[in-house]
Amino acid sequence: MTRVRVTAPRGISAGGAQAAGATGNPPAGGVPAGGAGAGSAAGLRTAADAREAAEESDAGQVFVQALIRSQLRLGIVVAAGFLLILLAFALMLGVVPGLAELRIAGLPFDWVLLGAGIYPVIGLSAWLYVRTAARNESRYRDLAGDR
């Protein structure tokens, strides 16, 4: 897989300040580079500025749209998979004769199936969704240059 690195526009240096000799105005954050507020807060601001610059570029917009599409696709796949399993449970109860009347420890089988069968499926679906969504976002951050 080829990695593409998104960079800031030409008028902005890696530190978030405008290129030397461009203008005497402060950068978008409102505080000149090295002035008041420099330090850890400035480091956070420059990371946010770099992220915004990456998202505003053409390549950055493509990456954001790809992230949104991948998260939407993931949500649809997980929801469809969960609904298919739920439908399979209902069909199994309707098609297999005598299964609805079966009792386990005094409880009807359909209750046991819903109580002990569906909740693990919900948990597994949620775990898979969170894991894959985090992987998608990590790949986006790698492409956008945020680490």
**Q** Measuring from E101:CD to L93:CG, what's the distance to the nearest 0.5 Å?
**A** 10.0 Å
**Q** How long is the straight-line distance from CD1 of I85 back to CD1 of I118, given to the nearest 0.5 Å?
**A**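 CD1 of I85 is found 8.0 Å from CD1 of I118.
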**Q** What about L67 and V130, same hydrophobic cluster or not, with Ile/Leu/Val/Met/Phe/Trp/Tyr joined at side-chain heavy-atom distances under 4.5 Å?
**A**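 No, no single cluster joins them.
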**Q** Taking the side chain from S138 and the backbone from A134, do they hold a donor-acceptor pair closer than 3.5 Å?
**A** no
**Q** To the closest 0.5 Å, what do you measure between CD1 (I68) and CZ (R73)?
**A** 12.5 Å
**Q** How far does CD of Q71 sit from CG of N136, to the nearest 0.5 angstrom?
**A** 4.5 Å
**Q** Examine V77 and L86 and state if one hydrophobic cluster contains both, with Ile, Leu, Val, Met, Phe, Trp and Tyr joined whenever side-chain heavy atoms are less than 4.5 Å apart.
**A**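 Each belongs to a different hydrophobic cluster.
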**Q** Enter the distance from R103:CZ to D110:CG here, rounded to the nearest 0.5 Å.
**A**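 R103 CZ to D110 CG: 9.0 Å, rounded to 0.5 Å.
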**Q** Is it possible for you to say whether L114 and V95 belong to one hydrophobic cluster, with membership spreading through side-chain heavy-atom contacts below 4.5 Å?
**A**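 Different clusters: L114 never reaches V95 through Ile, Leu, Val, Met, Phe, Trp or Tyr contacts under 4.5 Å.
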**Q** Check the hydrophobic clustering (I, L, V, M, F, W, Y; side-chain heavy atoms under 4.5 Å; chains of links allowed) and say if F82 and L113 are grouped together.
**A**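 Hydrophobic grouping puts F82 with L113.
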**Q** State the CD1-CG distance between I76 and L83, to the nearest 0.5 angstrom.
**A** 12.0 Å
**Q** Group every Ile, Leu, Val, Met, Phe, Trp and Tyr by side-chain heavy-atom contacts under 4.5 Å, then state whether Y119 and V112 land in the same group.
**A** yes
